[in-house]
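Below is one structure, written out as structure tokens; the observations come after it.
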Amino acid sequence: MEKKFVMHFPPVLVDKPIISTIVRKYNLEFNILKAFVSPEEEGTLVIAFSGKEKDVNMAVSELKDTGVQIQMIESDIKMIRERCTDCSVCVGLCPTGALYMDREIYEVKFKPEKCIACELCIKGCPTEAMISTI
Ligand code: SF4
Ligand code: SF4
């Protein structure tokens with residue numbers, strides 16, 4: 001199973017190899033969807049963990065114990081293809097590249113595995129083609 005999380009690292013933890021240690025310990029695969037450090041040196045990571053559910057849960061629990069603030073991304077974003085006019089407004093809004101223009105066929109495509117459920121596309125889409133199912 002895969003779960004996505006937003007993680008906030010306080011400055012004291014930003015340069016520690018916490019994620020690499022935890023994924024090795026719990027035998028997880030991970031995919032960093034977005035990462036940045038603020039001017040105050042707080043780190044933010046949007047990350048997907050894949051592995052056994054109990055291992056993902058234990059890894060998250062251990063990260064919380066070390067001082068990382070964690071929110072699970074629970075929204076499920078979907079594209080209703082029949083409503084989409086390929087206007088590409090959402091492509092410019094999407095921070096992760098989950099929405100992109102397929103230039104071979106001039107059609108806007110959605111890659112759910114890259115989506116961090118920020119909902120910017122939902123607010124920006126003129127035809128309500130992007131929806132949250134939760
Ligand atoms: S903004 Fe809406 S209609 Fe336009 S390309 Fe994106 S999903 Fe399609
Ligand atoms: S919710 Fe929409 S804009 Fe946000 S990451 Fe997902 S596809 Fe991109």
Side-chain angles (χ1 to χ4, degrees):
M1 54 86 64
E2 182 187 90
K3 283 185 184 173
K4 292 177 191 168
F5 304 92
V6 181
M7 301 189 179
H8 298 283
F9 294 77
V12 67
L13 294 179
V14 161
D15 58 354
K16 304 264 188 315
I18 295 175
I19 295 296
S20 54
T21 305
I22 211 93
V23 295
R24 272 201 305 273
K25 181 171 178 183
Y26 291 104
N27 200 24
L28 303 177
E29 291 186 12
F30 70 102
N31 183 15
I32 294 176
L33 300 163
K34 201 167 169 58
F36 57 91
V37 177
S38 74
E40 294 76 35
E41 306 210 323
E42 284 179 352
T44 300
L45 204 58
V46 182
I47 190 166
F49 280 160
S50 309
K52 291 185 182 154
E53 185 167 13
K54 80 169 173 29
D55 291 334
V56 172
N57 291 342
M58 284 198 296
V60 167
S61 172
E62 191 166 322
L63 284 169
K64 283 181 178 168
D65 289 344
T66 63
V68 182
Q69 287 179 17
I70 302 182
Q71 299 155 265
M72 194 164 83
I73 297 174
E74 294 188 85
S75 291
D76 195 12
I77 306 295
K78 294 208 181 325
M79 173 189 258
I80 303 174
R81 186 63 234 166
E82 310 80 70
R83 291 187 190 166
C84 178
T85 58
D86 300 308
C87 71
S88 79
V89 166
C90 57
V91 174
L93 296 172
C94 180
T96 65
L99 287 156
Y100 65 98
M101 175 64 80
D102 181 337
R103 300 212 169 270
E104 302 228 323
I105 53 174
Y106 282 93
E107 197 171 282
V108 172
K109 302 275 191 183
F110 176 47
K111 272 192 187 167
E113 63 274 20
K114 295 185 87 177
C115 177
I116 58 170
C118 68
E119 302 198 356
L120 290 173
C121 55
I122 295 178
K123 295 184 185 105
C125 176
T127 65
E128 299 185 356
M130 298 304 296
I131 60 164
S132 168
T133 57
I134 295 175

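Whatever order the structure lists them in is the order used to number ligands and atoms, beginning at 1.
Shown in contact with V108 at under 4.0 Å from a heavy atom are these atoms of ligand 1, numbered in order with element: 5 (S). Applying the 4.0 Å criterion to heavy atoms of P126 picks out, from ligand 1, the atoms 1 (S). Within the listing of ligand 1, atoms 1 (S), 2 (Fe), 3 (S), 7 (S) sit less than 4.0 angstrom from a heavy atom of C125. For ligand 1, the atoms closer than 4.0 angstrom to any heavy atom of T85 are 3 (S), 8 (Fe). Ligand-side atoms of ligand 2 in range of F110: 7 (S), range being under 4.0 angstrom from any heavy atom.
Closest to atom 6 (Fe) of ligand 1 among all protein heavy atoms lies C90 SG, 2.2 Å. Shortest contact from atom 8 (Fe) of ligand 1 to any protein heavy atom: C84 SG, 2.3 Å. Remark: minimum distance from atom 4 (Fe) of ligand 1 to any protein heavy atom is reached at C87 SG, 2.3 Å.
Inter-residue side-chain proximity for Y100 and K109 is flagged as met; some heavy-atom pair is nearer than 4.5 Å. In this structure the side chain of L63 reaches within 4.5 angstrom of the side chain of F49, judged on heavy atoms. Inter-residue side-chain proximity for M130 and I77 is flagged as met; some heavy-atom pair is nearer than 4.5 Å. The shortest side-chain heavy-atom distance between M79 and V108 falls under the 4.5 Å cut-off. When side chains are defined from C-beta on, E107 counts as touching R81, because their heavy atoms get closer than 4.5 Å.
Of all protein N/O/S atoms, those under 2.8 Å from atom 6 (Fe) of ligand 2 are C115 SG, and waters are not counted.
Contact annotation for D86 and ligand 1: only backbone heavy atoms (N, CA, C, O) come within less than 4.0 Å of the ligand. Residue-level proximity to ligand 1 for T127 is carried by the side chain, the only part with a heavy atom below 4.0 angstrom.
Around the CD atom of E2, the shell of radius 6.0 Å holds more than 12 heavy atoms that belong to other residues, nucleotides or ligands. Within a 6.0 Å radius of CG in N27, no more than 12 heavy atoms belonging to other residues, nucleotides or ligands are found.
Sequence neighbours left out, not one pair with a member in residues 32-45 passes salt bridge (Lys or Arg N to Asp or Glu O under 4.0 Å).
In this structure, A59 and L28 approach most closely via the heavy-atom pair CB-CD1, 3.6 Å.
The backbone N or O of N57 lies less than 3.5 Å from no partner atom in the side chain of K3, so there is not a single donor-acceptor pair. With R83 contributing its side chain and T127 its backbone, the two residues share no donor-acceptor pair below 3.5 Å.
Put simply, part of S88 is less than 4.0 Å from ligand 1, judged by heavy atoms.
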